[in-house]
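Taking it in order: structure first as structure tokens, then the write-up.
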Amino acid sequence: MSLHQIAVSHSFLLSSRSAYTLNPLLFSKRNRFRISLSHSRFTSIKHRSFAVAVSDNGIFTSPELAKSFDFTSEERIYNWWLSQGYFRPKFDWESDPFVISMPPPNVTGSLHMGHAMFVTLEDIMVRYHRMRGRPTLWLPGTDHAGIATQLVVERMLASEGIKRVELGRDEFEKRVWEWKEKYGGTITNQIKRLGASCDWTRECFTLDEQLSRAVIEAFIRLHEKGLIYQGSYMVNWSPKLQTAVSDLEVEYSEEPGTLYYIKYRVAGGSRSDFLTIATTRPETLFGDVAIAVHPQDERYSKYVGKMAIVPMTYGRHVPIISDKYVDKDFGTGVLKISPGHDHNDYVLARKLGLPILNVMNKDGTLNEVAGLYCGLDRFEARKKLWSDLEETDLAVKKEPHSLRVPRSQRGGEVIEPLVSKQWFVTMQPLAEKALLAVEKGELTIIPERYGKIYNHWLTNIKDWCISRQLWWGHRIPVWYIVGKDCEEEYIVARSAEEALRKARDKYGKDVEVYQDPDVLDTWFSSALWPFSTLGWPDELAEDFKRFYPTTMLETGHDILFFWVARMVMMGIEFTGTVPFSYVYLHGLIRDSQGHKMSKTLGNVIDPLDTIKEYGTDALRFTLALGTAGQDLNLSTERLTANKAFTNKLWNAGKFVLQVLPNRDNVSGWQNIEACKFNTEGYLLRLPLPECWVVSKLHMLIDAVTESYNKFFFGDVGREIYDFFWGDFADWYIEASKARLYHSGDDSVVLVAQTVLLYVFENILKLLHPFMPFVTEELWQALPNRREALIISSWPQTSLPRSTDLVKRFENLQALEEKEVLALLSKLDLDNIHFADSPPEDAKQSVHVIASEGLEAYLPLADMVDISAEVLRLTKRLSKMQTEYEGLKARLNSPKFIEKAPNDVVRGVQEKAAEAEEKINLTKNRLAFLKSTVMLSCSAHSTFRGLCSFLLLEAYYTQSSALITSPERNWLGQIRRLEQSIN
């Protein structure tokens with residue numbers, strides 16, 4: 001690009017032409033055709049007698065018949081897609097399939113923004129690859145949600161005065177299935193409301209016969225390899241539900257509590273020989289097996305090796321030991337070790353070989369180990385114990401203390417660390433293979449930084465407790481021998497009949513068996529989801545052969561460990577293959593202030609309410625603009641802006657439809673269809689504005705396609721938004737009006753019609769994965785449509801474009817072009833001179849850099865008050881320095897450099913370098929001005945006009961320094977620039 005210098009003489013004559021009557025696209029090269037810029041020609045627009053294609057199937061509504069897109073039509077459109085079978089994979093395409101297994105929502109669930117996020121992102125991927133010609137399978141389903149569903153049904157029974165145990169297991173399971181059939185489809189219907197193009201004919205439920213068969217097979221195979229075992233270990237116990245729960249089902253909250261200080265007398269010592277411990281759970285002291293101090297804590301070194309007397313236990317003695325695990329600075333520096341009721345104490349006790357003592361029943365009451373406190377609820381026992389300690393002079397004091405309390409995600413009760421007999425999976429051998437998959441590049445995690453978290457968790461993995469003390473779920477396929485030790489004598493089988501046959505073969509014909517009452521952790525069946533839903537363990541199943549391994553697993557980053565990593569491990573173990581090639585992790589949805597949404601805070605945004613007010617497309621577009629792995633702040637302002645985008649698209653479609661030929665104009669449509677934009681020769685014969693917008697479209701198609709392929713969905717949305725609003729709607733559509741209504745030349749009209757239709761239908765294709773409803777509605781109104789948009793072909797890439805003509809257009813090299821912008825800027829072109837080098841009196845001029853390759857010089861002599869100019873530049877310098885310091889602060893932050901994507905870091909570095917260069921230029925200019933005499937400011941308005949001109953020029957070159965608004969509204973930009981000058 002050549003450097004354009006603009007020298008402006010001081011005798012300006014401001015044009016009287018109104019800016020709003022002109023558009024900078026209304027020009028052409030002299031050897032093509034000329035459009036008059038007279039005011040009258042633009043104010044007397046008369047529409048041709050155009051007609052539009054209105055759908056005759058009763059499903060779709062033409063934009064001509066509706067002011068705006070009607071959100072209520074979304075369900076009609078969705079049901080039409082469904083009825084046409086568009087969501088099912090087509091095998092007449094010669095391409096590898098694109099397969100996603102939907103993260104199965106709980107059957108008890110109701111739609112929330114987390115669901116809306118994953119549905120939006122996965123549907124974008126599926127619709128894109130479907131249009132790319134790949135057989136696509138998005139396999140939906142729901143999870144039986146053991147704890148959640150059992151709770152819901154138990155509450156329902158309680159309202160009828162019925163307890164679960166009174167019904168018995170078989171009758172209770174029957175009631176749950178009845179509930180599932182009646183209410184279980186709620187979440188499915190709500191997901192459909194979001195536009196999910198899943199193959200509902202393949203919908204799965206984790207307790208379906210096929211998936212249950214897979215679960216049993218997985219358990220048996222792991223057990224045969226010695227990877228499943230039974231034992232008593234520390235688990236998270238829910239006293240109310242009376243079951244073990246997973247780490248994911250435990251939520252920690254900061255709550256006010258109490259720190260209790262208690263005396264432990266030293267056995268054989270005087271009354272002054274005692275150790276004071278500080279604990280938040282004094283009721284667990286009945287389970288103490290030792291008292292520990294730090295080896296280097298001189299306060300207590302004399303007591304190490306002696307015995308301490310546990311209070312209120314009738315003189316039970318425990319050893320006083322030393323270990324570096326003890327924190328000298330917490331409390332008194334003395335630690336009571338209760339390994340039966342504390343995760344850390346449990347680990348320490350196993351390391352030191354200390355016994356495990358349990359003082360609590362499964363319902364949260366104290367057992368016989370607690371002596372007089374046996375039968376009391378754990379919290380009641382705490383109060384009574386403290387009162388008794390005070391009476392016996394063993395209570396020192398109590399003080400307020402902030403606690404991190406573990407609560408059940410389902411019931412809200414305090415979770416109890418408890419040693420319990422459970423079934424476990426040995427995870428280390430499985431984890432090693434899963435780690436290797438990422439290392440070898442067989443699995444790609446997006447964003448990349450979560451790969452480190454994945455590796456850390458698998459490297460430090462613990463054995464997995466897979467048993468749950470529930471009635472709803474997959475029954476553990478283990479049968480015990482009546483009269484035998486459960487842990488030693490059991491049978492693992494695929495059915496009760498097989499178990500009895502095996503037992504009789506081993507123990508005789510008179511033996512009796514009974515099945516383990518526990519069920520498997522819900523996450524166990526979920527870990528098999530990518531392949532159990534496709535027919536495994538039958539590896540000859542048609543779907544398994546066609547669609548496994550799958551392509552993509554998309555889910556929230558918060559279940560990377562609990563679900564994603566387990567699927568990887570199980571997939572490799574049972575199929576020998578990583579179950580998917582990519583893992584895409586989205587962030588959490590937060591409110592506009594960045595707070596986590598919760599009913600307590602009252603900041604929950606209901607997706608269904610949002611859809612009613614803003615439409616599904618606006619919601620989807622808003623959610624999709626986030627960045628992978630980063631939380632998204634959702635606000636009504638964003639939703640409102642994207643609803644306006646939907647309306648803008650609708651109005652653009654209305655205009656395009658109005659200016660197309662009548663439906664029965666056969667020759668007109670033949671002429672339009674004869675235009676081929678895929679050849680460079682045809683493109684170069686177009687008038688400059690048409691060549692510009694088509695070239696920009698072809699560039700957009702390549703950029704958007706690349707971003708789709710890289711899963712940069714935020715970039716996709718922003719790129720399409722900018723082109724549609726900034727280039728097509730605000731600029732080209734306005735230019736086309738002169739072609740259509742004033743040219744009087746049918747060939748000129750044809751070019752405008754053809755370009756409008758070509759660009760608009762490609763915009764609809766590019767945008768369809770994001771906004772499927774409004775784009776399909778508009779597509780169906782096009783007279784030349786031949787198939788549904790959802791199954792239409794993706795725009796061809798690498799189409800011809802003229803970068804030279806795009807630059808010419810955007811840099812306004814032709815005189816006619818500069819005339820238009822000069823008029824828009826209220827400048828008199830006679831006093832503007834264009835040159836390739838700075839003027840001789842450059843140092844005596846105000847120097848403005850509009851964008852790369854475009855600078856302007858405004859003579860100072862007799863025109864400008866230099867003191868005012870110094871003040872302006874000083875303020876500007878201060879602002880630039882503040883911005884520069886902010887950029888440098890980000891770059892100096894190790895946290896930012898480590899966590900931010902590489903392209904974001906690069907962008908900040910480039911901005912910082914640009915800001916530094918501008919600061920230096922401004923400083924040099926200030927130094928010169930301060931040494932210059934005061935001149936007249938009579939040309940201030942001229943300077944304002946010049947800045948308007950430069951702004952318009954910068955618009956064309958997309959200068960980041962001046963053009964920042966997504967709307968690219970040039971009139972608004974001019975007003976803001978003028979205000980800043982004033």
Side-chain angles (χ1 to χ4, degrees), residues 103-110 141-158 163-165 167-188 204-216 218-219 228 235-251 362 407-413 415-416 418 420-425 464-478 515-529 532-533 559 561-563 566-567 570:
N106 289 348
V107 70
T108 59
S110 181
T142 48
D143 192 289
H144 65 276
I147 293 177
T149 306
Q150 182 160 317
L151 268 177
V152 168
V153 177
E154 283 196 49
R155 288 168 184 163
M156 181 186 71
L157 292 173
K163 292 184 178 180
R164 169 171 60 95
V165 292
L167 280 178
R169 184 166 194 149
D170 291 342
E171 182 61 26
F172 177 76
E173 286 184 0
K174 179 182 175 182
R175 292 289 190 98
V176 179
W177 277 107
E178 290 174 354
W179 179 92
K180 188 265 179 187
E181 294 304 316
K182 186 174 182 180
Y183 300 106
T186 300
I187 186 66
T188 296
C204 294
F205 179 55
T206 48
L207 284 179
D208 286 344
E209 182 179 351
Q210 155 60 28
L211 275 70
S212 296
R213 186 165 67 94
V215 168
I216 293 172
F219 185 97
I228 283 184
V235 297
N236 299 309
W237 185 261
S238 171
K240 183 178 179 180
L241 299 172
Q242 294 199 32
T243 180
V245 296
S246 72
D247 291 340
L248 183 63
E249 292 158 335
V250 179
E251 294 181 341
K362 297 297 177 66
R407 290 191 175 274
S408 168
Q409 186 186 60
R410 303 299 176 189
E413 64 175 327
I415 292 296
E416 187 67 37
L418 197 68
S420 174
K421 186 175 72 173
Q422 304 287 341
W423 288 94
F424 295 85
V425 177
W464 176 14
C465 174
I466 58 171
S467 51
R468 298 291 182 266
Q469 290 64 53
L470 301 169
W471 284 359
W472 175 246
H474 295 100
R475 193 88 171 261
I476 290 179
V478 169
Q515 190 172 1
D516 193 308
D518 292 352
V519 299
L520 287 164
D521 179 13
T522 300
W523 293 103
F524 188 88
S525 55
S526 298
L528 313 178
W529 186 253
S532 64
T533 53
I559 55 174
F561 325 127
F562 304 103
W563 188 41
R566 286 170 177 165
M567 282 189 288
M570 294 300 184

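Computed from a predicted structure; not experimentally measured.
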Q: Sort out for me which residue in E154, E173, E171 forms a salt bridge (charged side-chain N to carboxylate O under 4.0 Å, His left out) with R164.
A: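 Among E154, E173, E171, the one that satisfies the salt bridge (charged side-chain N to carboxylate O under 4.0 Å, His left out) with R164 is E154.
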[Y] backbone acceptor or donor facing [X] side chain under 3.5 Å:
X	Y	value
Q210	T533	no
Q422	C465	no
R407	G412	yes
R175	L157	no

Q: Run through L520, V519, T522, D518 and flag the one making a side chain to side chain contact (heavy atoms under 4.5 Å, CB included) with I466.
A: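 Of all the options given, the one that passes is L520.
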Q | The single option from S212, S525, P104 passing side chain to side chain contact (heavy atoms under 4.5 Å, CB included) against H144 | A |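 Testing each of S212, S525, P104 against H144, the sole residue satisfying side chain to side chain contact (heavy atoms under 4.5 Å, CB included) is S525.
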To the nearest 0.5 Å, what is the distance between [atom1] ([X]) and [atom2] ([Y])?
X	Y	atom1	atom2	value
S467	I228	OG	CD1	10.0 Å
S238	R468	OG	CZ	11.0 Å
W529	C204	CH2	SG	5.0 Å
Q469	I147	CD	CD1	9.5 Å
L211	I216	CG	CD1	11.5 Å
F524	I476	CZ	CD1	9.5 Å

Q: Go through H474 and F219 one step at a time and tell me if the side chain to side chain contact (heavy atoms under 4.5 Å, CB included) criterion holds.
A: CA-CA 11 Å; H474 295 100; F219 185 97; over 6 Å; no
Where [X] and [Y] come nearest, the two heavy atoms and their spacing:
X	Y	value
S420	W237	OG-CZ3, 4.1 Å
I415	S408	CG1-N, 3.6 Å
L418	K362	CD2-CD, 4.1 Å
I187	G109	CB-O, 3.6 Å
P239	E416	CG-CB, 4.3 Å

Q) What orientation do W563 and W523 show, parallel under 30°, tilted 30 to 60°, or perpendicular over 60°? A)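 W563 vs W523 ring planes: tilted.
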Q.
Check the orientation of W177 and W472. Use parallel for under 30°, tilted for 30 to 60°, and perpendicular for over 60°.
A.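 If you compare the ring of W177 with that of W472, the planes turn out perpendicular.
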Can you confirm whether [X] sits close enough to [Y] that some side-chain heavy atom of one is under 4.5 Å from a side-chain heavy atom of the other?
X	Y	value
D521	W464	yes
N236	D247	yes
R475	D516	no
F561	R566	no
T149	V176	yes
Y183	V152	no
F424	V235	yes

